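Below is one structure, written out as structure tokens; the observations come after it.
Just so it is clear, the model here is predicted, and its values are computed rather than measured.
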Amino acid sequence: MLRNSKYFIDLITLKSEMTFREYSSSTQKTYLRIVEDFLNFTDKEAIYIRKEDIERYLDKNLKTVSTNTVLVQLNALEFFFVEILGLNITENIRKYKRIFKKKDFISMSEYNKLMASVSERSRLIYMIIKEVGFVAREIVSIKNTDIDYAKCTLKGFKISKELAKDLMKYADRQSSNNIFNFNECTLRHNNIRATTRILGKHYSFTDLSHSVALEMIKRGEEKRAVEYLRNKSLSGMRQYYRRAGYNYLKQDK
């Protein structure tokens, strides 16, 4: 189907990038259909397309489809022009965009306050999140054998000597092979109580890890932040913080 399009090169490049990023097949089909329809609508080479062309296309569609559908179309075009072609022509198109509430992250002084105000077990959990960004399912599955004190690693991830030492001491006192002997539900419940009591509101484990990553970014360690979050590409991470109200690339200009 793509081969029959006069925009074959643009579309196959788009498809390859989405496949590499493991986008679902339904998202790929939707984005490809939208981008091809838009290119046919403008009948221009991509490099000559301007913001006004995108607005005309979306305005036309808004007469026949819902706002949510237009937002999907804008997302597809934004991905194509920004991520594939490197043309930031969708940045100032505001009238169709969702308004994302600025997310509240915590500072490292607040994080340290949290660690200093909880039990030994909870402190170790928060140290693990701070150093290696483990999610709940990874934390509850930690076993004695996952700690390598000599290499200072936890499940193969580098940790501080202090954390390795404290984990070994704590593990030695536990009767089961699992260091933290509870399930994910209990872990999350304990975190809700701790963050609400100490910080005044609930911060999820995702909020905490993204707070740590944001501090890395502020120090100019963007690559390290991507590695720390693990499940995000560089562009995906930038989009996350942009939607959370922290467009740090724009602030640096």
- Just by distance, with hydrogens left out, do Ser204 and Asp207 show a side-chain donor and acceptor under 3.5 Å apart? yes

- When you look at Asn112 and Ser109, which way does the side chain to side chain donor-acceptor pair (under 3.5 Å) test go after all the steps? CA-CA 5 Å; Asn112 292 334; Ser109 62; over 6 Å; no

- Task: Quick one: sort the Tyr23 and Phe79 rings into parallel, tilted or perpendicular, breaks at 30° and 60°.
- Result: tilted

- Message: So which atom in Ile159 and which in Leu167 form the shortest heavy-atom distance, rounded to 0.1 Å?
- Response: CD1-CD1, 4.3 Å

- For the atom pair CD1 (Ile34) and CG (Leu58), what is the distance rounded to the nearest 0.5 Å? 9.5 Å

- Atom CD1 of Ile179 and atom CG of Asn181: how far apart are they, to the nearest 0.5 Å? 11.0 Å

- Can you tell if the side chain of Leu32 reaches within under 4.5 Å of the side chain of Met18, non-hydrogen atoms only? yes

- Task: Mark yes or no: Arg121 above the aromatic ring of Phe182, with NZ or CZ under 6.0 Å from the six-membered ring centre and no more than 45 degrees from the axis.
- Result: no

- Query: What closest approach, in Å, do Arg230 and Val135 show between heavy atoms, and which atom pair accounts for it?
  - Reply: NH2-N, 4.5 Å

- Would you please test Arg224 and Glu227 for salt bridge (charged side-chain N to carboxylate O under 4.0 Å, His left out) and show each step? CA-CA 5 Å; Arg224 184 185 172 197; Glu227 294 171 350; over 6 Å; no

- Note: Glu52-Arg56 ion pair, threshold 4.0 Å (strictly below): no

- At their closest point, which heavy atom of Ala164 faces which heavy atom of Ile147, and how far apart are they? O-CG2, 4.3 Å

- Query: Do the ring centers of Phe80 and Phe38 come within less than 6.0 Å of each other?
  - Reply: no

- Flag yes if Leu85 and Val82 sit in one hydrophobic cluster, no otherwise; membership is Ile, Leu, Val, Met, Phe, Trp, Tyr, and two members link when side-chain heavy atoms are under 4.5 Å apart. no

- In sequence, state the C-alpha distance, the side-chain angles, and the governing distance for Val65 and Val70, and then conclude on side chain to side chain contact (heavy atoms under 4.5 Å, CB included). CA-CA 7 Å; Val65 300; Val70 170; 3.7 Å; yes

- Task: Can you measure from OH (Tyr126) to CG (Leu114) and round to the nearest 0.5 angstrom?
- Result: 4.5 Å

- Is Lys201 positioned over the aromatic face of Tyr203, cation under 6.0 angstrom from the ring centre and no more than 45 degrees off axis? yes

- Task: Kindly indicate whether the side chain of Asn183, heavy atoms from C-beta on, has any atom under 4.5 Å from the side chain of Val140.
- Result: no

- Query: With hydrophobic residues grouped by side-chain heavy-atom distances under 4.5 Å, do Ile192 and Phe134 end up in a single group?
  - Reply: no

- Item | side chain to side chain contact (heavy atoms under 4.5 Å, CB included) evaluation trace for Lys103 with His210 | CA-CA 10 Å; Lys103 199 164 184 63; His210 279 88; over 6 Å; no

- Message: Nearest 0.5 Å, please: how far is OG1 in Thr67 from CG in Leu74?
- Response: 12.0 Å

- Query: Less than 4.5 Å apart, any side-chain heavy atom of Val212 and any of Ile129?
  - Reply: no

- When you look at CZ of Arg21, are more than 12 heavy atoms from neighbouring residues, nucleotides or ligands closer to it than 6.0 Å? yes

- Message: Please find the pair of heavy atoms, one from Glu83 and one from Ser235, that lie closest to each other, and give the distance.
- Response: OE1-CB, 3.1 Å

- Item | Short side-chain to backbone donor-acceptor contact, Lys158 and Lys151, under 3.5 Å | yes

- Item | Chi angles and distances behind the side chain to side chain contact (heavy atoms under 4.5 Å, CB included) call for Arg197, Arg193 | CA-CA 6 Å; Arg197 175 174 61 86; Arg193 292 201 306 176; over 6 Å; no

- Message: How about CZ on Arg219, more than 12 heavy atoms from neighbouring residues, nucleotides or ligands closer than 6.0 Å, or not?
- Response: yes

- Item | pair Ile54-Lys51: side-chain heavy atoms closer than 4.5 Å | no

- Message: Check whether Thr90 reaches the backbone of Glu78 with its side chain - one donor and one acceptor, N or O, closer than 3.5 Å.
- Response: no

- Message: A side-chain contact here means heavy atoms from C-beta on lying under 4.5 Å apart; do Ile128 and Leu154 qualify?
- Response: yes

- Message: If I take atom CG from residue Asn144 and atom CG from residue Asp172, how far apart are they, to the nearest 0.5 angstrom?
- Response: 7.5 Å

- Item | Gap separating the CG atom of Leu199 from the NZ atom of Lys113, nearest 0.5 angstrom | 6.5 Å

- Is Glu162 salt-bridged to Lys165, going by a charged N under 4.0 Å from an acidic O? no

- I would like to know whether Asp166 and Arg123 meet side chain to side chain contact (heavy atoms under 4.5 Å, CB included); could you show each step before the answer? CA-CA 10 Å; Asp166 289 349; Arg123 178 179 63 81; 3.4 Å; yes

- Query: Are Asp53 and Tyr48 linked by a side-chain donor-acceptor pair shorter than 3.5 Å?
  - Reply: no

- Item | Closest non-hydrogen atom pair, Thr42 against Ile49 | OG1-CD1, 3.8 Å

- Item | Minimum heavy-atom distance Glu222-Ile217, with the two atoms named | CA-CG1, 4.4 Å

- Side-chain contact test, heavy atoms from C-beta onward, threshold under 4.5 Å: evaluate it for His202 versus Asn191 and give yes or no. yes

- Query: Can you find a heavy atom in the side chain of Glu221 that is under 4.5 Å from one in the side chain of Tyr228?
  - Reply: no

- NZ/Lys223: more than 12 non-hydrogen atoms of other groups inside 6.0 Å: no

- Is there a path from Met108 to Phe105 through hydrophobic residues (I, L, V, M, F, W, Y) whose side chains come within less than 4.5 Å of each other? yes

- Query: Does a salt bridge link Lys169 with Glu120, judged by any charged N lying under 4.0 Å from a carboxylate O?
  - Reply: no

- Message: I'd like to know if the side chain of Gln73 pairs up with that of Asn61 as donor and acceptor (distance under 3.5 Å, no hydrogens or angles considered).
- Response: yes

